[in-house]
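Report on one structure; see the data block that follows.
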Amino acid sequence: MNTGSDEPGEVAVVPDKAETGEGPADDGLGSRAPEFVKQRRALHLSWQVGVFVIGLAVVVAGIIMLPLPGPGWVVIFGGMAIWATEFVWAQLVLRWTKRKVTEAAQKALDPKVRRRNITLTVIGLVIIGVLAGIYLWKFGVVAPWEIKDQ
């Protein structure tokens with residue numbers, strides 16, 4: 001067994017994940033409130049309530065924008081980012097979302113998938129063009145204000 005040393009009696013020691021920055025001690029989770037806020041429990045609690053209320057308002061605005069004109073999903077993720085400054089669960093949700101978006105982007109850039117998507121798009125456009133041509137051949141172009149009652 002090789003312990004990484006030629007000296008008898010020496011033992012190789014594997015450093016803790018917290019010491020190497022790979023584990024929970026340095027994974028970026030937790031509150032990003034200023035230190036003077038974290039030191040006072042009442043102030044930190046009110047800080048968290050404020051962050052939650054602001055994040056909730058932004059998320060609700062994004063949900064309202066989903067059926068209405070506006071960047072709904074962008075605003076929702078913005079609200080999640082506001083929550084992620086203070087809450088671990090929101091940080092984990094954002095990490096999961098970023099990972100899934102990255103995976104989807106990599107999959108979409110796959111040459112086989114791109115070829116398939118382009119082929120399906122062209123076929124769909126051809127079908128729509130043929131149907132529009134048949135409609136125009138049969139009924140022609142008539143302005144809505146020129147339609148007579150039948």
Side-chain angles (χ1 to χ4, degrees), residues 4 12-150:
V13 178
V14 178
D16 231 2
K17 285 188 175 186
E19 294 174 8
T20 61
E22 298 173 8
D26 191 25
D27 59 1
L29 295 177
S31 175
R32 290 184 176 81
E35 286 303 318
F36 73 92
V37 172
K38 289 182 192 176
Q39 291 173 353
R40 293 163 183 84
R41 181 160 171 75
L43 186 58
H44 192 232
L45 184 61
S46 62
W47 178 276
Q48 286 181 327
V49 168
V51 167
F52 182 79
V53 169
I54 291 170
L56 182 65
V58 173
V59 168
V60 167
I63 291 171
I64 291 170
M65 286 184 204
L66 287 176
L68 299 175
W73 285 110
V74 174
V75 175
I76 289 172
F77 289 128
M80 289 297 297
I82 291 171
W83 279 339
T85 63
E86 200 57 36
F87 303 108
V88 173
W89 61 267
Q91 293 167 358
L92 295 174
V93 167
L94 278 181
R95 282 186 183 180
W96 179 84
T97 304
K98 287 178 184 177
R99 187 175 62 246
K100 291 298 181 183
V101 166
T102 303
E103 290 172 6
Q106 290 299 323
K107 187 176 179 182
L109 293 176
D110 180 30
K112 290 180 182 178
V113 174
R114 288 186 73 202
R115 258 192 311 274
R116 183 198 66 204
N117 290 345
I118 290 171
T119 303
L120 291 174
T121 301
V122 168
I123 290 171
L125 289 174
V126 167
I127 291 172
I128 290 171
V130 167
L131 291 175
I134 291 171
Y135 178 85
L136 290 174
W137 173 70
K138 187 167 184 167
F139 299 107
V141 178
V142 179
W145 53 86
E146 294 179 3
I147 296 177
K148 297 186 175 52
D149 290 335
Q150 294 184 14

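Keep in mind the model is a prediction, meaning the values are calculated, not measured. Only heavy atoms go into these numbers, but all of them, side chains included; no hydrogens, no water, no symmetry mates. Positions are given from 1 along the sequence.
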May I have the list of side-chain donor-acceptor pairs in residues 118-134 shorter than 3.5 Å, sequence neighbours left out?
from, atom 1, to, atom 2, distance (Å)
Thr119, OG1, Arg115, O, 2.8
Thr121, OG1, Asn117, O, 2.8

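Looking at residues two or more places apart in sequence or on another chain, you find a salt bridge (charged side-chain N to carboxylate O under 4.0 Å, His left out) between Lys100 and Glu103. Contacts of Trp47 classified as side chain to side chain donor-acceptor pair (under 3.5 Å), with partners at least two apart in sequence or in another chain: Glu86. Listed by chain and residue number, Phe36, Val37, Arg40, Ser46 satisfy the side chain to side chain contact (heavy atoms under 4.5 Å, CB included) test with Leu43 (two or more places apart in sequence, or in another chain). For Thr85, the side chain to side chain contact (heavy atoms under 4.5 Å, CB included) partners at least two apart in sequence or on another chain are Val51. In this structure, the side chain to side chain contact (heavy atoms under 4.5 Å, CB included) partners of Val49, at least two apart in sequence or on a different chain, are Val53.
Taking CE from Met80 and CZ from Phe87, the interatomic distance works out to 11.0 Å, rounded to the nearest 0.5 Å. Between the CZ atom of Phe77 and the NZ atom of Lys98 there is a distance of 11.0 Å, given to the nearest 0.5 Å.
Atom CH2 of Trp137 is surrounded by 12 or fewer heavy atoms from other residues, nucleotides or ligands within 6.0 Å. Counting heavy atoms of neighbouring residues, nucleotides and ligands inside a 6.0 Å radius, atom CZ of Arg99 exceeds 12 of them.
Counting heavy atoms from C-beta outward, Leu94 and Gln91 have side chains that stay 4.5 Å or more apart. With contacts defined as side-chain heavy-atom distances shorter than 4.5 Å, the pair Trp83/Val59 qualifies.
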